[in-house]
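Note on naming: letters A, B, ... go to the chains in the order of the sequence lines (proteins, then strands), and numbering restarts at 1 for each one.
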Amino acid sequence: MNEDQRYHLLMAFRLTYLADSMVNWCPALGTVLANDEIKDGVSERGGHPVVQKKMRQWSMRISAFSERLLLGLDQIDWPENIKEIQRNWIGKSEGATAFFDLDQYEGQIEVFTTRPDTIFGVSYLTLAPEHPLVSSITTAEQKSAVEQYVQQAALKNERDRQVQSKEMTGVFTGAYAIHPLTGKQVPIYIGDYVLAGYGTGAVMAVPAGDQRDWDFAKHHNIAMVLIFENHDASESACTSKEVPLVNSDFLDGLCGKTAFNAAVEALEKIEHGNKKVNYRLRDAVFSRQRYWGEPFPVYFKDGKAQMIGDQELPVTLPDVDKYLPTEDGEPPLARSQWKYQNEFVMEYNTMPGWAGSSWYFLRYMDPKNAQAIASKEAMNYWGQVDLYMGGAEHATGHLLYSRFWTMILNDLGHVPFGEPFQKMINQGMILGRSSFVYRIKDTNTFVSADLRKEYQTQRLYADISMVDNDQLDTAAFKNWLPEYNNAEFILNEKGQYLCGFEVEKMSKSKFNVQTPDELIEKFGADTLRCYEMFLGPVEQSKPWDTKGINGVHNFLRRLNRLFQTDEGQWLVNQDAADKKSLQTLHRTIKKVTDDLNRHSWNTVVSTLMIAVNEWTEQKCHQQEVLESLLVLLSPYAPHLAEELWSKLGHKETVTIAQWPEAIAAFLEDDVFSYPVSFNGKTRFNIDLDANMDAKTVEEAVMGHEKTAHYLEGKAPKKVIVVPKRIINIVC
RNA sequence: CCGGAUGUGGCGUAAUUGGUAGCCGCGCCAGACUUAGGAUCUGGUGCCGUGAGGCGUGGGGGUUCGAGUCCCUCCAUCCGGACCA
């Protein structure tokens, strides 16, 4: 093998490789985008149109890791929905490839199918309009129709294709293939319901067994082959795998897995197919036509990419006169005339955002290390990221790429673990509550929300600062924007202008942004912080509602009053705390610690509230108790905790204080108040020694005066005693 | 259409292993102190009922001595993916 051949062979296997491929080109951004950077056919950033274009680009072979990325999901503690999004994105499907020889031409069409068992039902083949064989097999008579269709399809982006999905459009190519098992002619169509990027870009159409094929066949009047028992295909396709096959030669009477295997075996025997697992996951385009990005340590020699040696790293970005593409559409770095050793052209593309985000967390372990990402010692000490808090919007981008890179680095022996993030929590979003006014069509008159049904109206945003309790300050509204200066209002019978509302993401364009500044001004940052924790579970999204913030503020004030009066008189003493206060303390320590460990931050605040209420009632001012309270409080109200901590005489910050430990002796009461239920209905409580065994408890209950009353003279059939929980009498 | 999550008082929520449903807070009601209160304190507050009592965790069914929690089924809401062959 010569150098040239070796180079191209390696490119077909390298993890990062140069290839001519169809990429998502965004003209407005002047760069290519990865699949996950496109939402609904437009760029995620800016919402610009994206077109398909063939370009020579660097890609990373993430598809080679499909199976491992899929299996790894079972090893990590992530929210189920994110795992599911990744599973869908990887899109594993088990099926078979089958080869159909072309009639009259050299060559074959390869199709991927998950239902090889339905192969005797094939009535035609459909190619994606972009399929490479289309132009060479189309007959003279069909040429103009096919070309026209291909051109139309190219103009449509993916979104348009989906919108018109009801119409199963397509064109006959005039060519035929040979069915590998029957030897019969099968017409070849093109249709844009077949995607070039999935499978082989070609399908074997079985109208009796696939709804899309059925729709297409109906639309084009193609004869169907009936292959399912008691199914005439007059209404729809039969998609169940458990219906026995007919008209299928050696598969007759079989179904499911058995039929699947028999069909694949037959194809294998004549070398026209085999079992295959297909993944939806595509390789990720790794170059961007931007200035700001990591440069590639790559130069070109005789048109072949070469790596710059380790000793010459890092490569730094060259200076350019403008951070824009060149006139002939080259990336910004081309402006620099950048050369390696003054001789070889450097790679002008830069890496995408997901390059850095795939490994930055590793660097945190050892940020100054000049030899490696991080030292072995640091990696072994810190290990995986224990808890990753982030949003679900990165599920198919960053979160998948980080896993991919970590696997590579693990394979190469650079990191000692194969998954980057052991546990993940998706924090919910705090949403805004937008307010709306209703303008009567073609006027400048606004109607109150409760009367809007009587008019044809247009819904417009009103800034929430002008709205109080859904009532609009009409004077402020008129002054808000020039076009509203002479606005008129139709008020309801109470003389109010009511606004409509909707809960949605906070955004300037929706005029529903509430900054915490005012609340911090009024209540302080500690109150705001506690309140945010108190609102509910972290994972939950909810509208920002400040109604309850007073309650949290009162809690902190009550807490402060355990230490000093509102007038500033210091109350803390060195006396020994009584048992009750200590019980409150140690139960609180236990619950707060447990709740912290399960990330239940809202219940931590609630637990601290309960404790403060109890100590207030107990008139507890002992340093012994209150000191520990401050440590528990410090993550939630750091300023207050720190101030009181120093007033207790500490010289060092509370943030480094030892976390208190719950003493078991204080956690349990001597007496347990058993709920006594009859047939599952709780009737009364009975106080008994907490350590009493089940038998003694039963005796105590049966001897209780109220028991006889609720038995109503009947004999108990069964008495269930669960120590320190419940007593249930069945009668 | 497919997948995931969620459904508990007037509201935000709690109930960690199947064991007293509604903790904590908001709101509301009553009272105290006040010239005054968007301050503070006390008591009450799931629903129906004067009461005894009954009902109650989206609906229906099941398992169990016992179900908010487990199983089946239906409904609703939110999120995500969607011509994936």
Give me the distance, rounded to whole Å, that separates [N] from [M] when you measure between the [atom1] atoms they each carry.
| N | M | atom1 | value |
| --- | --- | --- | --- |
| B:rA67 | B:rA15 | C1' | 13 Å |
| B:rG51 | B:rG43 | C1' | 22 Å |
| B:rC47 | B:rG22 | C1' | 13 Å |
| B:rU69 | B:rU20 | C1' | 15 Å |
| B:rG37 | B:rG31 | P | 14 Å |
| B:rC79 | B:rG46 | P | 34 Å |
| B:rG68 | B:rG7 | P | 14 Å |

Please tell me which of the listed nucleotides, [options], lies nearest to the side chain of [X]?
| X | options | result |
| --- | --- | --- |
| A:R598 | B:rA85, B:rA14, B:rA15 | B:rA15 |
| A:L195 | B:rG19, B:rA14, B:rC84 | B:rC84 |
| A:R557 | B:rA39, B:rA21, B:rA85 | B:rA39 |
| A:K591 | B:rG25, B:rU16, B:rG19 | B:rU16 |
| A:K547 | B:rC26, B:rG19, B:rA85 | B:rC26 |
| A:R725 | B:rU17, B:rG25, B:rC83 | B:rU17 |
| A:R561 | B:rC41, B:rA14, B:rC83 | B:rC41 |

Below 4.0 angstrom from OP1 or OP2 of [N], is there any side-chain N or O of [X]?
| X | N | answer |
| --- | --- | --- |
| A:N679 | B:rC65 | no |
| A:R558 | B:rC41 | yes |
| A:N602 | B:rC24 | no |
| A:N426 | B:rA5 | no |
| A:R280 | B:rG81 | no |
| A:S93 | B:rA85 | yes |

Looking for any heavy atom pair under 4.0 Å, which part of the strands does [X] touch: base, sugar-phosphate only, or nothing?
| X | result |
| --- | --- |
| A:K724 | nothing |
| A:V730 | sugar-phosphate |
| A:P79 | nothing |
| A:K542 | sugar-phosphate |
| A:T607 | nothing |
| A:N685 | base |

Charged tip of A:K257 within 45° of A:F260 ring normal and under 6.0 Å: yes
Could you state the [atom1]-[atom2] distance from [X] to [N], rounded to the nearest angstrom?
| X | N | atom1 | atom2 | value |
| --- | --- | --- | --- | --- |
| A:I720 | B:rG18 | CD1 | P | 17 Å |
| A:I549 | B:rG38 | CD1 | P | 19 Å |
| A:Q211 | B:rA85 | CD | P | 15 Å |
| A:K681 | B:rG66 | NZ | P | 11 Å |
| A:M609 | B:rA14 | CE | P | 14 Å |
| A:Y674 | B:rG19 | OH | P | 15 Å |
| A:I85 | B:rC78 | CD1 | C1' | 13 Å |
| A:I726 | B:rG66 | CD1 | C1' | 7 Å |

Can you work out whether A:R683 or A:N728 has the more 5'-proximal nearest nucleotide on RNA chain B?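 It is A:R683 whose nearest nucleotide is closer to the 5' end.
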Between A:Y198 and A:I610, who's closer to the 5' end of RNA chain B by nearest nucleotide?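 Upstream on the strand: A:I610.
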Distance check, rounded to the nearest 0.5 Å: [X] atom [atom1] versus [Y] atom [atom2]?
| X | Y | atom1 | atom2 | result |
| --- | --- | --- | --- | --- |
| A:T546 | A:E518 | OG1 | CD | 9.0 Å |
| A:Q108 | A:F100 | CD | CZ | 11.0 Å |
| A:T126 | A:M204 | OG1 | CE | 11.5 Å |
| A:I430 | A:L535 | CD1 | CG | 5.5 Å |
| A:L608 | A:L633 | CG | CG | 6.5 Å |

Classify the glycosidic conformation of B:rG9 as syn or anti, calling it syn when the angle lies within 90° of 0. syn
So, for A:F216 and A:Y124, is the gap between ring centers shorter than 6.0 Å? yes
Please name the nucleotide paired to B:rC28 by Watson-Crick or G-U wobble geometry with both distances under 3.5 Å, or report none.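 Across all strands, the one nucleotide that pairs with B:rC28 is B:rG44.
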Taking only Lys NZ, Arg NE, NH1 and NH2, and the carboxylate oxygens of Asp or Glu, determine whether A:D74 and A:R87 approach each other closer than 4.0 Å. yes
